[in-house]
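Below: one structure, written as structure tokens.
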Amino acid sequence: MLGAAALGAGAAVLGAAGTAAAGTAAAAGKDGRGPHRGLPVPAVVAHRGASGYRPEHTLGAYQFALDMGADVIEQDLVPTRDGHLVCRHENDITGTTDVADHAEFAGRKTTKTVDGTEITGWFTEDFTLAELKTLRATERIPAVRPHNTLYNGRWEIPSFEEVLRWADREGRRRGRPVWLHVETKHPSYFRGIGLGLEERLAKLLRRYGRHRKNAPVFLQSFEPTSMERMSRLVSTPRVVLLWTADDRPWDFREAGDPRTVADLVTPEGLAWIAGFAQGIGPLLDLVIPKDAAGRLTTPTTLVEDAHRAGLVLHPYTMRNENTFLPADFRRGTDPAAYGDAFGAYRAYFATGIDGIFTDNPDTALLAREDFLRD
């Protein structure tokens, strides 16, 4: 039955439809249509860098991903108390830095409510950039990736401006631009405490020449209104991130907008997104749902519907470990062991997506090579 489930997710889309999707993807990469001009299709987006091998959102993770051959490197942005943008998945840095080991910051530990969730820890908005620079990054999920703990303490928290400078240096060295995928995190929350992200981000994009429509950058947010705001500040391509179907974006909740993700993935919702963005970043389950046992089922029409609306799709997130894979691609009982990631990539690529976020760029690149060769 596991084999049949895999074939149900794969064979149905790997026949004529899969071949057509691969051909369409290859053509899109060659003719330069849309905001992904110059990128292979499907593009490999290094999720927080090569976070399967290095602590996430460090220059070490970004560099390793680029050296592997990733097409795009992702950053998540949160602000400091003095208004700088730094690269962290969350403003709560308790689990991704050694801040708990710094006695001088013990008094900064506090409890806050961020987007409706109460969190106790240390937060970037309570530190200056100089103070954050005294901390060092650590592995976020050491139980799953104990090998990454080898690099605990090796790298600082990078500011986004440092990343822009790094990307420019690497672009000159390689003779081609380094693409970035940049997320505004909790934008409504930060605007509410006087640390709005969008204007600060736009200023940096302009300073480094990444504010035009053909800039090698995607901007992204789980709050659609953040991308609407960015559309008025810069011409850089924008992507709306989408969580589970029943999720209601936080900015919608604050504004009393009753729509959920299920509304946004309809043709009408996608047309609305296309009015201010060039792409969507859906949870992979919105592309191919899972059954009650966690196995892949039949793909939805989201890829076709989004393409019809003129949007590219960069779904998230593929990881090699069993614990993150669909049940039909897990191997053995160890949740931290690698499963059949190649099989899962093949099923997702066959839907015609334009790119995929991954913690393991090398695996994704090999999977793409296999898929496009077949």
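All heavy atoms count here, side chains included; hydrogens, waters and symmetry mates do not.
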Checklist entry - How about T297 and D291: does a side-chain donor come under 3.5 Å of a side-chain acceptor? => result no

Checklist entry - Quick one: does E170's side chain have a donor or acceptor within less than 3.5 Å of a partner on A167's backbone? => result no

Next on the checklist: With a 4.5 Å cut-off on side-chain heavy-atom distances among I, L, V, M, F, W and Y, is there a chain of contacts connecting F123 to L129?
Outcome noted: yes

Item to check | is_close_aromatic(H186, F222), centroid dist under 6.0 Å | outcome: no

Checklist entry - S51 versus D359: any side-chain heavy-atom pair under 4.5 Å? => result yes

Checklist entry - Quick one: does S221's side chain have a donor or acceptor within less than 3.5 Å of a partner on P224's backbone? => result no

Item to check | From H181, E74, E183, R238, residue fulfilling side chain to side chain contact (heavy atoms under 4.5 Å, CB included) relative to F218 | outcome: H181

Item to check | Polar side chain donor-acceptor pair, D251 to T225, under 3.5 angstrom | outcome: yes

Next on the checklist: What I'd like to find out is whether the side chain of I356 reaches to under 4.5 Å of the side chain of L284, using heavy atoms alone.
Outcome noted: yes

Checklist entry - Salt-bridged, D285 to K290, with N to O below 4.0 Å? => result yes

Next on the checklist: We want to know whether T358 and Y345 form a side-chain donor-acceptor pair, criterion being a heavy-atom distance below 3.5 angstrom.
Outcome noted: yes

Checklist entry - Between D263 and T260, is there a donor-acceptor pair closer than 3.5 Å when you use the side chain of the first and the backbone of the second? => result yes

Next on the checklist: For R346 and D340: C-alpha separation, side-chain torsions, deciding distance, then whether salt bridge (Lys or Arg N to Asp or Glu O under 4.0 Å) applies.
Outcome noted: CA-CA 10 Å; R346 186 172 180 80; D340 180 17; over 6 Å; no

Checklist entry - When rounded to the nearest 0.5 angstrom, what distance separates CD in Q63 from CD1 in I73? => result 9.0 Å

Item to check | Donor-acceptor contact present, side-chain T97 to main-chain A137, <3.5 Å | outcome: no

Item to check | Lys/Arg-Asp/Glu bridge criterion (N-O < 4.0 Å) met for E369, R373 | outcome: yes

Next on the checklist: I'd like to know if W166 and L132 are part of one continuous hydrophobic network [Ile/Leu/Val/Met/Phe/Trp/Tyr, side-chain heavy atoms within less than 4.5 Å].
Outcome noted: yes

Checklist entry - How far apart are the closest heavy atoms of A70 and P361, and which atoms are they? => result CB-CB, 4.0 Å

Next on the checklist: Between the side chains of E56 and R145, is the shortest nitrogen-to-carboxylate-oxygen separation below 4.0 Å, so that they form an ion pair?
Outcome noted: no

Checklist entry - Is the closest side-chain donor-acceptor distance between D115 and T117 under 3.5 Å? => result no

Checklist entry - So, Y208 versus E161: side-chain donor-acceptor pair below 3.5 Å or not? => result yes

Next on the checklist: Less than 4.5 Å apart, side chain to side chain, heavy atoms only: is that true for R140 and P55?
Outcome noted: no

Next on the checklist: Under a 3.5 Å distance rule, please check whether S159 uses its side chain to pair with a backbone N or O of E162 as donor and acceptor.
Outcome noted: yes

Next on the checklist: Can you tell me how the ring of H89 sits relative to the ring of H57, calling it parallel under 30°, perpendicular over 60° and tilted otherwise?
Outcome noted: parallel

Next on the checklist: I'd like to know if I353 and L365 are part of one continuous hydrophobic network [Ile/Leu/Val/Met/Phe/Trp/Tyr, side-chain heavy atoms within less than 4.5 Å].
Outcome noted: no

Item to check | Same cluster (ILVMFWY, side-chain, under 4.5 Å), L197 and F276 | outcome: yes

Item to check | Any side-chain heavy-atom pair of E118 and K112 under 4.5 Å | outcome: no

Checklist entry - Any Lys/Arg nitrogen of D168 or R165 sitting under 4.0 Å from an Asp/Glu carboxylate oxygen of the other? => result no

Next on the checklist: To the nearest 0.5 Å, what is the distance between CG on L77 and OG1 on T124?
Outcome noted: 10.5 Å

Checklist entry - Should Y338 and V144 be counted in the same cluster of Ile, Leu, Val, Met, Phe, Trp and Tyr side chains packed under 4.5 Å apart? => result no

Checklist entry - Where the side chain of N360 meets the backbone of D362, is there a donor-acceptor pair that is under 3.5 Å apart? => result no

Next on the checklist: One thing to verify: whether R108 and D126 come together as a salt bridge, which I'm taking to mean a side-chain N less than 4.0 angstrom from a carboxylate O.
Outcome noted: no

Next on the checklist: Between E125 and Y189, do the side chains contain a donor N or O and an acceptor N or O under 3.5 Å apart?
Outcome noted: yes

Checklist entry - Could you state the interatomic distance from NE2 (H102) to OG1 (T134), rounded to the nearest 0.5 Å? => result 5.0 Å

Item to check | Residue that, paired with L219, satisfies side chain to side chain contact (heavy atoms under 4.5 Å, CB included) out of L233, T184, V234 | outcome: V234

Checklist entry - Do D246 and V261 have side chains that get closer than 4.5 Å, going by heavy atoms? => result no

Next on the checklist: Nearest 0.5 Å, please: how far is CG in L150 from CD in E139?
Outcome noted: 11.5 Å

Item to check | Close side-chain approach of L204 to R207, heavy-atom, < 4.5 Å | outcome: yes

Checklist entry - What about the rings of Y53 and Y151, do their centers lie closer together than 6.0 Å? => result no

Next on the checklist: Could you check whether any side-chain N or O of H147 sits under 3.5 Å from a backbone N or O of R54, counting only pairs where one atom can act as donor and the other as acceptor?
Outcome noted: no

Item to check | Check: R210 side chain, T236 main-chain N or O, donor-acceptor pair, under 3.5 Å | outcome: no

Checklist entry - Between H84 and F160, is a ring pair (Phe, Tyr, Trp, His ring centres under 6.0 Å) present by the stated rule, with each step listed? => result CA-CA 8 Å; H84 294 278; F160 184 53; over 10 Å; no

Item to check | Over all atoms of both residues, closest heavy-atom pair of L325 and G339 | outcome: CD1-CA, 3.6 Å

Checklist outcome for this item: Interatomic distance, CG@D71 vs CH2@W179, rounded to 0.5 Å, equals 10.0 Å

Checklist entry - In terms of side-chain heavy atoms, does T363 have a donor or acceptor partner in N320 at a distance below 3.5 Å? => result yes

Checklist entry - Does any non-hydrogen side-chain atom of V303 lie less than 4.5 Å from one of D354? => result no

Next on the checklist: Side chains of E254 and W250 only: does a donor on one sit below 3.5 Å from an acceptor on the other?
Outcome noted: yes

Checklist entry - Quick check, are the ring centers of Y316 and H47 under 6.0 angstrom apart? => result no

Checklist entry - Taking NZ, NE, NH1 and NH2 as the nitrogens, is one of them in E223 or R191 under 4.0 Å from a carboxylate oxygen of the other? => result no

Item to check | Distance-minimising heavy-atom pair for Y62 and Q75 | outcome: OH-CG, 3.5 Å

Checklist outcome for this item: Rounding to 0.5 Å, atoms CZ (R200) and OG1 (T80) come to a distance of 8.0 Å

Checklist entry - Is there a ring pair (Phe, Tyr, Trp, His ring centres under 6.0 Å) between F127 and F105 once you walk through the steps? => result CA-CA 9 Å; F127 293 77; F105 297 136; 5.0 Å; yes

Checklist entry - Given side chains that start at C-beta, do those of R232 and E228 come closer than 4.5 Å, heavy atoms only? => result yes

Checklist entry - Name the one of V265, L242, T351 that satisfies side chain to side chain contact (heavy atoms under 4.5 Å, CB included) with L302? => result V265

Next on the checklist: Could you check whether any side-chain N or O of R229 sits under 3.5 Å from a backbone N or O of E198, counting only pairs where one atom can act as donor and the other as acceptor?
Outcome noted: no

Next on the checklist: Would you say T96 and R88 are linked by a side-chain donor-acceptor pair, where the criterion is simply a distance under 3.5 Å?
Outcome noted: yes

Next on the checklist: Main chain of P79, side chain of N91: is a donor-acceptor contact present, judged purely on distance under 3.5 Å?
Outcome noted: no

Next on the checklist: Pair D305, R308 - check salt bridge (Lys or Arg N to Asp or Glu O under 4.0 Å), show working.
Outcome noted: CA-CA 5 Å; D305 292 341; R308 187 177 293 114; 3.2 Å; yes

